[in-house]
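Data first, discussion second: the structure below is written as structure tokens.
Since the model is a prediction, treat every value here as computed from it, not as a measurement. Note that these values count all heavy atoms, side chains included, but never hydrogens, waters or copies made by symmetry.
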Amino acid sequence: MCSEGAQMEKKPDGKKEGRTDKPKVDPNIDGGWAWMVVLSSFLVHLLVMGSQMALGILNMEWLEEFNQSRGLTAWVSSLTMGITLIVGPFIGLFINTCGCRKTAMIGGFLTSLGWVLSAFATNVHFLFFTFGVMAGIGSGMVYLPAVVIVGQYFQKRRALAQGLSTTGTGFGTFLITVLLKYLCAEFGWRNAMIIQGAVTLNLCVCGALMRPLESRMQCSAETTRDHQNMKEASLLDTDTVKPNNVLHDGEDGEFRTDNGTSWIKEDTSNEIVIKDISRLGILKSLTRMTVSVRSGFWTWYSSYFGAASLFTNKVFVAFVLWALLAYCSFVIPFIHLPEIVELYGMSEQNSIFPLTSIIAIVHIFGKIILGFLGDLSCVSAWNVFIASNFTLGICILILPLMQVYAALAVVCALIGFSSGYFSLMPVVTEDLVGIKQLANAYGIIICANGISALLGPPFAGWIFDITQKYDYSFYVCGLLYMLGIICLLLEPCLQPKEKNREKPVENREV
């Protein structure tokens, strides 16, 4: 009986010893503060990408003000849009070292400064630097963290969350276009840019909402440190010595003030202790900063040039090739669609309900619906991504053949819906490389998009100069898009046989 009792007493202890503490899952994953992060990302897309889509209003003002060629003036808008995406790989370095919050807040200030300084431009070349380069880099520093932070906060609803946040581009295109038209009409384009710069400063607030998950997981540790600091600070009694009192050396190792307060010499060591603690705290902060910068730089460097480089992933390389070929085709309808409408004599119908507006409106719903489909357990986000790309490529190819407004409107609606695949791009990228490499990998993807956006319009214009027809621009760019889709279809062949593509939910580290 005694032995049985002893064994019964040992069983609970054995359970305690063998029990392993499960890692704490942040309650804000897929809920709580995660939706504030989605709101922050939505506002970033509204203010950054929406503003860039509405630059046609300012472009007309710059043409009238500076009397330069259309090609030279158009480079201002092209620079800011291209640089926003091209700097992606370098912004990944900032995210690795400083985090999404600090990077976005610095970028918000830089973007706002670029808008305000551009109001004092004396020529187009001045705008190249202030608006094209400065505002472009700032926008890139806000845009990439807004995408990455949503991926960090969501597991089960990643595609839907990205879809909701990226709809800010569509809403921003409408709202900021109306705002800039009103401001330019009432106050002139220079004052309009100053006001818009003040509005853009809200990007710093959006960045402040991007709280890192690690800070909340370490809350208890920080609380313990605060208690220790309070104990150390209590070593010195601030009421012992009043200000402006004169100390007199007394007997028994004692100081006395004029008002009779005594202070033992041993207490003077407390000041030295406090000063040492302060210096130690500064040294620790500098050490942490140095380690963080070195660690972030090494992570960034190894992602591009190390043995475990992202470019050793063949599927990811194919994805980058798709990004280079696809984005130039995506911007073609927005550039040459007005000429197609005028060529076919649909200007009156288009003025009532512009085809570009149809694309923008349906684009918003496309992002949400495709994001919802990408989160379904029975549907692969990769397959939804390829299907939407294939639909978009076909629509670009057949668009010049639609010579009736109703048919053209249907094709434009399909273009708007299928281009909602942008909400799946971060999800597909994360599936390929994992959450840790998302910032660096997505930086490369948007860099490829930026290069494509810069080269696409001049390429389409060059085709028109040779053929004197806009149709061929759609045909050639549509074929390039289909070539990019072929790169995506090679995914089963490029994927290592011994490794199936792992689910991000299973391997995600919180």
Side-chain angles (χ1 to χ4, degrees), residues 38 41-56 81 84-85 143 146-147 150 159-178 322-323 326-338 340-341 350 353-375 381 384-399 402 405 407-428 445-446 449-450 452-453 456-457 474 477-478 481 484-485:
V38 171
S41 182
F42 172 85
L43 293 176
V44 167
H45 283 82
L46 188 149
L47 292 172
V48 173
M49 308 308 291
S51 296
Q52 293 182 357
M53 293 294 181
L55 288 180
M81 295 176 71
T84 298
L85 302 176
Y143 174 68
V147 175
V150 174
L160 178 61
Q162 294 285 4
L164 291 172
S165 62
T166 53
T167 54
T169 302
F171 286 104
T173 302
F174 285 110
L175 296 177
I176 296 180
T177 298
V178 175
W322 163 85
Y327 204 78
C328 66
S329 305
F330 172 73
V331 299
I332 296 302
F334 292 94
I335 296 173
H336 291 306
L337 191 57
I340 292 287
V341 169
N350 188 63
F353 208 139
L355 293 173
T356 52
S357 298
I358 294 177
I359 294 176
I361 293 172
V362 181
H363 181 68
I364 295 174
F365 293 100
K367 285 183 174 180
I368 298 175
I369 295 174
L370 292 178
F372 174 78
L373 291 175
D375 282 331
V384 175
F385 183 76
I386 292 179
S388 57
N389 271 276
F390 183 77
T391 304
L392 181 58
I394 294 296
C395 289
I396 292 174
L397 281 171
I398 66 174
L399 189 142
M402 303 294 108
Y405 181 81
L408 201 57
V410 171
V411 173
C412 287
L414 287 174
I415 289 176
F417 183 83
S418 57
S419 61
Y421 72 78
F422 282 105
S423 63
L424 296 174
M425 280 178 59
V427 178
V428 173
I445 296 299
I446 64 174
N449 285 338
S452 183
F474 287 87
C477 292
Y481 204 115
I485 295 175

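Looking at every heavy atom in both residues, T166 comes nearest to S423 through OG1-CB, 4.0 Å. Closest heavy-atom contact between I446 and L85: O-CB, 2.9 Å. Here the shortest heavy-atom pairing between I368 and G163 reads CG1-O, 4.5 Å. Considering all non-hydrogen atoms of both residues, L424 and A381 come closest at CD1-O, 4.1 Å. Taking both residues in full, the closest heavy atoms of I176 and S51 are given as CD1-OG, 3.2 Å, listed atom of the first, atom of the second, then distance. Between S41 and V150, the shortest heavy-atom distance links the atoms CB-CG2, 3.7 Å.
Rounded to the nearest 0.5 Å, atoms CE (M402) and CG (L408) are 8.0 Å apart. Taking SG of C477 as the reference point, atom CG of L399 lies at 12.0 Å (rounded to 0.5 Å). Rounding to the nearest 0.5 angstrom, the gap separating the CD1 atom in I398 from the CZ atom in F474 is 12.0 Å. From I485, atom CD1 reaches atom CD1 of I386 across 8.5 Å, with rounding to the nearest 0.5 Å. Residue I364 holds its CD1 atom at 13.0 Å from CD1 of I359, rounded to the nearest 0.5 Å. With rounding to the nearest 0.5 angstrom, the CZ atom of F372 is 8.0 Å from the CG atom of L160.
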Go through H45 and Y143 one step at a time and tell me if the ring pair (Phe, Tyr, Trp, His ring centres under 6.0 Å) criterion holds. CA-CA 7 Å; H45 283 82; Y143 174 68; 5.4 Å; yes
Stepwise side-chain contact (heavy atoms from CB on, under 4.5 Å) check, I361 with F174: CA-CA 9 Å; I361 293 172; F174 285 110; 3.5 Å; yes
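Counting heavy atoms from C-beta on, the side chains of L164 and F42 never come closer than 4.5 Å. Between F417 and L370, some side-chain heavy-atom pair lies under the 4.5 Å cut-off.
Under a 3.5 Å cut-off, the side chain of Q162 and the backbone N or O of V147 do form a donor-acceptor pair.
Looking at H363 and S419, their side chains do bring a donor and an acceptor atom within 3.5 Å of each other.
Aromatic ring centroids of W322 and Y421 lie under 6.0 Å apart.
When each of I394, N389, L397 is tested with Y481 by the rule side chain to side chain contact (heavy atoms under 4.5 Å, CB included), just one qualifies, namely N389.
Atom CZ of F390 has 12 or fewer neighbouring heavy atoms from other residues, nucleotides or ligands inside a 6.0 Å radius.
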